[in-house]
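One structure is given below, encoded as structure tokens.
Remember, predicted model here, so these are calculated numbers, not experimental data. When reading the values below, keep in mind they use all heavy atoms of this one structure, side chains included, and skip hydrogens, waters and symmetry mates. In listed order, ligands and their atoms are each counted from 1.
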Amino acid sequence: MNLDQSNLQKLVDDAHARHSKTSGGANASYIPYLAQVPSHLAGVAIVTVDGKVAFAGDADYPFAIESISKVCTLAAAIDQVGSASLRHKIGADPTGLPFNSVIALELHKGKPLSPLVNAGAMATVSLLQAKDTEARWQAIVDIQSALVGSPVKLSDDVNRSEQDTNFHNRGIAWLLYAANAMYCDPMEACDVYTRQCSTLVTATQLATMAATLAGRGHNPVTGKQVVKAEHVRHILAEMTMEGLYEHSGDWAYNVGLPGKSGVGGGLLAVVPGVMGIAAFSPPLDVAGNSVRGQLMVADIARAVGANIYDKQ
Ligand code: GLN
């Protein structure tokens with residue numbers, strides 16, 4: 001696979017040209033802020049493990065990170081508590097149900113199964129060692145910034161919109177507490193989780209994060225080791241199981257790459273040892289994955305023969 005700069009540019013340009021105007025899907029509406037983001041926006045970016053960057057369309061438009069933040073918090077927590085404890089306390093299986101399912105929690109006696117659904121993500125927030133709420137929040141800002149390769153900021157507008165409407169997540173946090181599966185104050189975990197979903201990122205930043213995971217935790221833009229190399233395989237396994245929620249199996253079947261989406265319209269995929277691909281476009285499918293984002297990322301993955309189940 002030839003990944004010189006002009007080829008990378010052609011990959012993002014072609015994917016964008018083919019899919020940036022594809023119809024279908026709808027913005028998330030249960031968070032008021034997300035409903036009013038212009039639906040026509042579409043951007044795509046690639047960052048290679050040796051630091052080459054290519055992007056097309058609205059790849060520098062800042063949007064809400066949402067569920068993609070769950071991967072960042074997982075990275076921080078697994079480094080602190082270790083992979084065995086993370087798996088024991090949170091899990092490493094798909095729920096097969098929507099990302100905010102209460103039924104999934106009830107079915108498994110309060111074990112979230114995955115750090116990439118809302119229940120598991122709040123429990124993962126609670127695992128971080130922090131002396132108070134602000135220290136917990138700062139740890140998350142730090143890991144998000146380290147992974148995307150530049151400082152990440154909270155959007156007060158997104159955060160207010162989410163904090164005013166996150167009653168379902170508060171309910172999940174109390175259910176975890178009742179099942180002894182919450183490791184700090186449940187409303188602190190829910191508050192910090194809601195904030196972590198409300199930072200703004202670009203597709204180019206998300207491609208940098210994906211490239212960092214592709215490079216066993218080494219960020220090719222900053223040159224820093226952000227996650228312990230031996231933990232990256234576990235993070236990628238979690239992404240394979242639950243990264244695109246109840247469509248994770250379809251994504252693995254069709255594209256064959258660890259991925260993660262967010263209801264802000266972001267999507268990233270990791271090509272281990274090679275590169276990160278990310279896309280942004282607000283309209284979502286029924287599971288909460290960007291419709292155009294999936295098409296653009298899948299296009300590039302196919303063009304470079306990136307399917308990890310297809311290696312000789
Ligand atoms: N903040 C959103 C929520 O908790 C994130 C969900 C998502 O991106 N899937 O519902």
Step by step, work out the side-chain hydrogen bond (donor to acceptor under 3.5 Å, both in side chains) result for Tyr245 and Ser67.
CA-CA 10 Å; Tyr245 318 115; Ser67 258; 3.0 Å; yes
Name all residues meeting the side-chain hydrogen bond (donor to acceptor under 3.5 Å, both in side chains) criterion together with Asp191; count only those two or more places apart in sequence or in a different chain, and write none if there are none.
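For Asp191 the side-chain hydrogen bond (donor to acceptor under 3.5 Å, both in side chains) partners, ignoring immediate neighbours, are Gln163, Arg195.
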With sequence neighbours excluded, tell me which residues meet side-chain hydrogen bond (donor to acceptor under 3.5 Å, both in side chains) with Ser6.
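Ser6 satisfies side-chain hydrogen bond (donor to acceptor under 3.5 Å, both in side chains) with Asp4 once adjacent residues are dropped.
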With rounding to the nearest 0.5 angstrom, report the CD to CG distance, Gln138 to Leu128.
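Nearest 0.5 Å value for the CD-CG distance: 12.5 Å.
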Starting from the N and O atoms of ligand 1, find every protein N or O within less than 3.5 Å and list the pair with its distance.
unit_1   : atom_1 : unit_2 : atom_2 : d
ligand 1 : 1 (N)  : Glu66  : OE1    : 2.7
ligand 1 : 1 (N)  : Glu162 : OE1    : 2.8
ligand 1 : 4 (O)  : Asn118 : ND2    : 3.1
ligand 1 : 4 (O)  : Asn169 : ND2    : 2.9
ligand 1 : 4 (O)  : Tyr193 : OH     : 2.7
ligand 1 : 8 (O)  : Ser67  : N      : 3.0
ligand 1 : 8 (O)  : Ser67  : OG     : 3.0
ligand 1 : 8 (O)  : Val263 : N      : 2.9
ligand 1 : 9 (N)  : Ser67  : OG     : 2.9
ligand 1 : 9 (N)  : Tyr245 : OH     : 2.6
ligand 1 : 10 (O) : Tyr30  : OH     : 2.6
ligand 1 : 10 (O) : Asn118 : ND2    : 3.3

Connected via hydrophobic side-chain network under 4.5 Å: Val291 and Trp251:
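No; tracing contacts between hydrophobic side chains, which count when under 4.5 Å, never links both residues.
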Quick one: list whatever passes side-chain contact (heavy atoms from CB on, under 4.5 Å) with Ser101, sequence neighbours left out.
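Partners of Ser101 by the side-chain contact (heavy atoms from CB on, under 4.5 Å) criterion, ordered by chain and then number, come out as Leu97, Pro98, Ile103, Ala104.
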